[in-house]
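Below is one structure, written out as C-alpha cells; the observations come after it.
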There are 2 protein chains.
Amino acid sequence: MGPQNDKNSISDDANQERRPVRADAQRNTDALLQAAMAVFASSGVDAPVREIADRAGVGIGTVYRHFPRRSDLIAAVVRREIDACADAAPVLLASHTPCEALAAWLLRYTDFIAAKRGLAPALHSGDPAYVSLHGYFQERLLPALQGLLDAAIAAGEVRTDIESKELLQAVANLCMSAGKADAAVARRMVGLVVDGLRYGAARTS
Amino acid sequence: MGPQNDKNSISDDANQERRPVRADAQRNTDALLQAAMAVFASSGVDAPVREIADRAGVGIGTVYRHFPRRSDLIAAVVRREIDACADAAPVLLASHTPCEALAAWLLRYTDFIAAKRGLAPALHSGDPAYVSLHGYFQERLLPALQGLLDAAIAAGEVRTDIESKELLQAVANLCMSAGKADAAVARRMVGLVVDGLRYGAARTS
DNA sequence: GACAAAACGGAACAGTGTTCCGTATAATAC
DNA sequence: GTATTATACGGAACACTGTTCCGTTTTGTC
C-alpha cells in the first residue's frame, strides 16, 4: 500500500521524446554517490555537503541539482547500499552451500545495519526523503533473505519455524544494541543466531 | 617589575572566603534552565540557543557564560529532570500505599523517558557533556526505585524476584519502542508491568 | 558549425553554535 | 554613604553549516 515514488530513474516508457540524460550529468551523479558513500563512512552522515562536493570534484550547485535536499543524497546512498546488500544474496547462493550463503549474507547485512546506526534517529524523524526508505528496505531485503532461507530449508540445513521478516528484524535489533565501535560483537551475536538456525535442523532429523 | 604583589599577603591558596555566587548570576541560571526546559519541550532539543536566551530574557553571552557548550545546557536540564523524578519517589511513598506509589512513580518515570527520546542519539554520541549523565541517571534513579520496591515488598504487595536495575531498564526500553506522539501506549504497557509485579505477590500466598 | 536545452560552478543568503570584549552590576572595603 | 574590584551581562562578530540564484559552460542535435 502506498504510492510508489521513483525519484532517480526516468520512466522508461515515456522517454521517446525526452532527451536522454546527459553524459556529464550521469557521470557526476555517480561520482557524487561514490564520494558521499566514502565521506559518510569516514566522517559520518553529518559531514558537510561541501566536503562531498569537493571529493566528487564538482561544485555545490551540482550537488543540489541532483539532490535538492541533503537528505535526498543520504537517502540515495542508503538506497544504493540496500541494493548492494540485496544483490549479494544470489551471488552468495551461487558460490556456497545454502546454509553458508545464509550465514554469510546475514553477516553482510549486519555490517550494513551497523554502519547505518548514525542514521537511525534521522530515519524516524519524519523527513519525507526517508519515509520511503523503510518500505524500500523491506521490499528489497525481505525477498533476498527469503530466497536464502528457502534454499537452506530445501537443503534441510536449517530449521523451518522462523519467518524471514522476524529474522531480519531480530538481527537488526541485535546490531543496534551492540556497541559503538564494536562491530565484532554484533557479528558474534549474529553467528549465534545462525548456529541456532542450524541447531533446529539437527534436532529435526 | 616584581611579579609579586606587595599589598596582597592574605593567604590566597586556602581561600575559604570564596566569593559567593552573585545574585543575578543565580537568577539567570535558574531562568535559563526553566526557559530551556520549556523550549525543549515545545520545539525539541534542536531549538536554537538564541530562542532560549530570548525566553529567559538574557543575552547570548550570558547563556555561554553559564553553559560553555550547548550540550552543557541540555545536560543540565536533563540532570534537573532526573532530580525531579528521583525526588518524587519519597513524596509518593508518603502519600500512597507502597504499591500505588511504585505504580505512580513508574508512570512518572515513563513520561520522563518518553520526553527524552529525542536525546537518545546524542547521549550515545560520546559528547563529554553527556557521558556523566548515564552514571547520574543510575545514581539517582536506582535508589529511588529501590526504596519504592523495598517498601512494596515489605508490605507484601509485589513479588520479590525482580531487580530494580532490570525493572528500570525494562521500562525504559518499553517506552523507547513506543510510538512517537503516543505516550498513552507506553503508559499502558507499563501498567501491564505493574500488574505483573502485583500478580507475583498474589501467587506467593 | 549553430543552436537550445541541460548542467555546471561558486558567490551569496540565511540560520546555526561559539567567541570576544566593552559595559553594567553586585558584593565588598572604606 | 562612596570607591573599588571581581564578576556577570549583552550582543556584535566570527566560523561553519544547508540552500538558492544566476551567469557561464557543456552536451546533444540539426
Side-chain angles (χ1 to χ4, degrees), chain A residues 7-8 10 15-33 35-36 39-40 43-77 118 122 125 127-130, chain B residues 5-10 12 15-33 35-36 39-40 43-77 118 122 125 127-130:
Chain A
K7 318 187 45 176
N8 269 351
I10 294 182
N15 60 354
Q16 293 183 353
E17 277 301 329
R18 274 272 179 266
R19 276 165 100 120
V21 182
R22 258 172 61 168
D24 53 351
Q26 182 63 50
R27 208 182 324 129
N28 282 335
T29 299
D30 292 344
L32 273 172
L33 282 176
V39 169
F40 288 157
S43 306
V45 285
D46 288 335
V49 174
R50 282 168 177 81
E51 186 179 339
I52 297 166
D54 288 348
R55 174 151 192 150
V58 306
I60 313 270
T62 301
V63 180
Y64 280 88
R65 159 159 282 264
H66 293 291
F67 305 98
R69 309 262 145 200
R70 176 195 163 70
S71 50
D72 293 325
L73 177 54
I74 297 177
V77 167
S125 73
D127 189 314
Y130 297 139
Chain B
N5 218 334
D6 48 350
K7 200 92 187 288
N8 186 2
S9 56
I10 306 233
D12 42 29
N15 46 0
Q16 224 166 341
E17 58 135 343
R18 195 73 174 167
R19 216 113 138 179
V21 183
R22 258 172 60 169
D24 53 351
Q26 182 63 49
R27 207 181 325 126
N28 282 334
T29 299
D30 291 345
L32 274 173
L33 281 177
V39 170
F40 288 157
S43 307
V45 284
D46 288 336
V49 175
R50 283 169 178 80
E51 186 179 340
I52 297 166
D54 287 349
R55 175 149 192 151
V58 305
I60 315 263
T62 301
V63 180
Y64 279 89
R65 158 160 283 264
H66 292 291
F67 306 99
R69 310 261 143 201
R70 176 195 163 70
S71 50
D72 293 326
L73 178 54
I74 298 178
V77 168
S125 72
D127 189 315
Y130 297 138

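Computed from a predicted structure; not experimentally measured. A, B, ... follow the sequence lines: proteins, then strands. Residue 1 opens every chain.
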Report task. Please report, rounded to the nearest Å, how far the P atom of dT18(C) is from the CG atom of L73(B). Result -> 10 Å
Report task. Let me know the distance between CD1 of I74(A) and P of dT17(D), rounded to the nearest Å. Result -> 14 Å
Report task. Flag the pair Y130(A) / I74(A) as yes when at least one side-chain heavy-atom distance between them is below 4.5 Å, and no otherwise. Result -> yes
Query raised in the report: Which heavy-atom pair separates A75(B) from A129(B) by the least distance, and what is that distance?
Result: CB-O, 3.6 Å
Requested in this report: Compare side-chain N and O positions of T62(A) against OP1 and OP2 of dA7(C) and report whether any pair is under 4.0 Å apart.
Outcome: no
Query raised in the report: Quick one: NE2 on H66(A) to CG on D72(A), what's the gap to the nearest 0.5 Å?
Result: 13.0 Å
Query raised in the report: D46(B) has an atom CG; how far is it from atom P of dT17(D), in whole Å?
Result: 17 Å
Query raised in the report: Between OH of Y64(A) and CZ of R69(A), what distance do you get to the nearest 0.5 Å?
Result: 8.5 Å
**Report entry** Residue met sooner reading DNA chain C from 5', once Q26(A) and G61(B) are mapped to nucleotides
**Finding:** Q26(A)
Query - Distance in Å, L33(B) CG paired with I52(B) CD1, rounded so as to fall on 0.5 Å steps - result: 10.0 Å
**Report entry** Atom pair distance, as rounded to whole Å: CZ in R69(A) and P in dT19(D)
**Finding:** 6 Å
Query raised in the report: Quick one: is dT18(C) close enough that its OP1 or OP2 comes under 4.0 Å of any side-chain N or O from Y64(B)?
Result: yes
Report task. Take the protein atom CZ of R70(B) and the nucleotide atom C1' of dT16(C), then report the distance between them rounded to whole Å. Result -> 9 Å
Requested in this report: Using atom CD1 of I60(B) as one end and atom P of dC21(C) as the other, report the distance to the nearest whole Å.
Outcome: 18 Å
Report task. Look at the side-chain N and O atoms of N28(A) and state whether any lies under 4.0 Å from the OP1 or OP2 oxygen of dA7(C). Result -> no
Query - Pairwise distance CZ(R55(B)) to CG(L32(B)) - rounded to 0.5 angstrom - result: 12.0 Å
Query raised in the report: So how far is it from L73(B) CG to F40(B) CZ, rounded to the nearest 0.5 Å?
Result: 4.5 Å
**Report entry** Separation of atom NE2 in H66(B) from atom P in dT19(C), rounded to whole Å
**Finding:** 16 Å
Requested in this report: Using heavy atoms and a sub-4.0 Å distance, could you list which residues of residues 48-58 of chain B are near DNA chain C? By number, please.
Outcome: P48(B), V49(B), R50(B)
Query raised in the report: What integer distance in Å separates L32(B):CG from dA8(D):C1'?
Result: 12 Å
Query - Pairwise distance OG1(T29(A)) to CZ(R22(A)) - rounded to 0.5 angstrom - result: 12.0 Å
Could you write out each protein N or O paired with an N or O of nucleotides 23-29 of chain D at a distance under 3.5 Å?
residue: dT26(D); atom: O2; partner: R22(A); partner atom: NH1; Å: 2.9
residue: dT26(D); atom: O2; partner: R22(A); partner atom: NH2; Å: 2.9
residue: dT27(D); atom: O4'; partner: R22(A); partner atom: NE; Å: 3.4
residue: dT27(D); atom: O4'; partner: R22(A); partner atom: NH2; Å: 3.4
residue: dG28(D); atom: OP1; partner: A23(A); partner atom: N; Å: 3.3

**Report entry** Minimum heavy-atom distance between A47(A) and R70(A), given as atom pair plus value
**Finding:** O-NH1, 2.9 Å
